[in-house]
Amino acid sequence: MNPRPLLQGESIRLVAIDPETDAEAWSLWSHDSQYNRLLAHEPLHPRTAGQLRIEMEKEETRNDSYPFAIHTLEGDQLIGFIAIEGIFWPHGAAWVSIGIGERDFRGKGYGTDAMREALRFAFTEVNLFRISLDVFEYNLPGIRSYEKAGFVHEGRIREGLKRDGRYWDVLYMGILREEWQKLQVPGG
Amino acid sequence: MIQSVFDGEKVTLSAINLEIDAVTLARWTHDPNYLQLLDQEPVRPLSPGQIKKKYLSEDKPDSQTFRFAVRIREDNRLVGIVALSWIDYSRVSAWLSLGIGDPQERGKGYGRETLKLILNFAFNELNLHRVNCWVVEYNMTAQHLLESQGFRLEARSRQAINRFDRRFDVLMMGILQADWLELEGKQKVAS
């Protein structure tokens, strides 16, 4: 048994997304082009807090996703989001997406910590079999973080993204429950 | 050079006419072997009425999907469905799905011809940069067909589906417009 409660890491915890309190921060993040170019296939699309509140409330009714806000343990600050989503129940397969919207909290291990907790939740609570993600080839911090969390490279979609007048590859990564379980054994 | 976008030698791509086609499409959904080759969704037989509702909800003008009936030119009978879906905003790529529904119509080259037509549509009409296709690991026919038209294996989603009481990989195959143009050029020179 892990001594920590579920959804709590070393530096963060995963909590419910609250449209009332979180939408303002999400709106600021949606105006950050650097952030969105790491995160999304879609073109940049700034939103107001009001628009985002409606979208967040829609998301609450889905039965194929577990979205969370990422809060720091110290100071309880909202710094980003992580979601187990697109769950394909018959096959126990799902996707994960993550974003650390608050610039000052990037590159400090919060994302990796959040990913580890999301995987623990996905594999031991939702009982999924595998988790997939895709990441743009220029998102080197993202790739490093996913490798650290245990994701394995599964392929490369050639020129699957067009940005700034050129094409970029999109990398596919995945982790199986059994691979994740081996990582939990000390020294394993 | 004038080319007919929708006509091959034996098959033609046309609109799906649900009033007539729904009965045939519904019959195909009762063939588990077909569905298990085509799709990752659990097999689900549909009535003609359910087929109509499903197609009408999926084929809205803003859905970014182009779906065609594959018909035999000689007698206009429906033998398959081909679609490009989830065409992205910046028109970089789309997802291909292709099925020849009647088992007795397979192995006659209809799928190959359909694939050539839809790639021409994707690259010359929609001006896409690439086309993607998910293929289940045990569908060797599809893998060979896609490879023969220039697709390459690009990623392997390990053990992504559970079928026949075991797990199988799902392969992500892709073709770039440049690959396709090169192959077309070679075929023209050869013919």
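Below, chains carry the letters A, B, ... as their sequence lines are ordered, and counting in each starts from 1. Just the heavy atoms: all of them, side chains too, but no hydrogens, waters or symmetry mates, feed the values below.
- For chain B, no part of A:Leu171 is nearby; none of its heavy atoms comes within less than 4.5 Å.
- Only the backbone of A:Ile175 comes within less than 4.5 Å of a heavy atom of chain B; no side-chain atom from C-beta onward does.
- Of the residues considered (B:Met172, B:Met173, B:Arg158), B:Arg158 shows the highest number of contacts with chain A, using heavy-atom pairs under 4.5 Å.
- Under a cutoff of 6.0 Å and an axis angle of 45°, B:Arg167 and A:Phe129 form a cation-pi pair.
- For B:Ile175, the part lying under 4.5 angstrom from a heavy atom of chain A is the backbone only.
- Both the backbone and the side chain of A:Arg158 come within less than 4.5 Å of a heavy atom in chain B.
- Interface remark: B:Arg130 contributes side-chain atoms only to the contact with chain A (heavy atom separation under 4.5 Å).
- If you tally non-hydrogen atom pairs under 4.5 Å between each of B:Gln159, B:Arg156, B:His129 and chain A, the highest count goes to B:His129.
- A:Asp32 pairs in a salt bridge (Lys or Arg N to Asp or Glu O under 4.0 Å) with only one of the listed residues (A:Arg37, A:Arg47, A:Arg106), which is A:Arg106.
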Candidate pair B:Ser148 and B:Arg112, rule side chain to side chain donor-acceptor pair (under 3.5 Å), full reasoning = CA-CA 9 Å; B:Ser148 77; B:Arg112 181 175 303 263; 3.0 Å; yes
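- A:Phe68 has its ring centre no less than 6.0 Å from the ring centre of A:Phe81.
- By the 30° and 60° cut-offs, the orientation of the rings of B:Phe123 relative to B:Trp180 is tilted.
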query = Would A:Glu159 and A:Trp168 satisfy side-chain contact (heavy atoms from CB on, under 4.5 Å), going step by step from the backbone distance to the final call?
reply = CA-CA 5 Å; A:Glu159 304 184 9; A:Trp168 305 84; over 6 Å; no
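- The greatest number of non-hydrogen atom pairs below 4.5 Å with chain B, out of A:Gly160, A:Gly174, A:Gly92, is found for A:Gly160.
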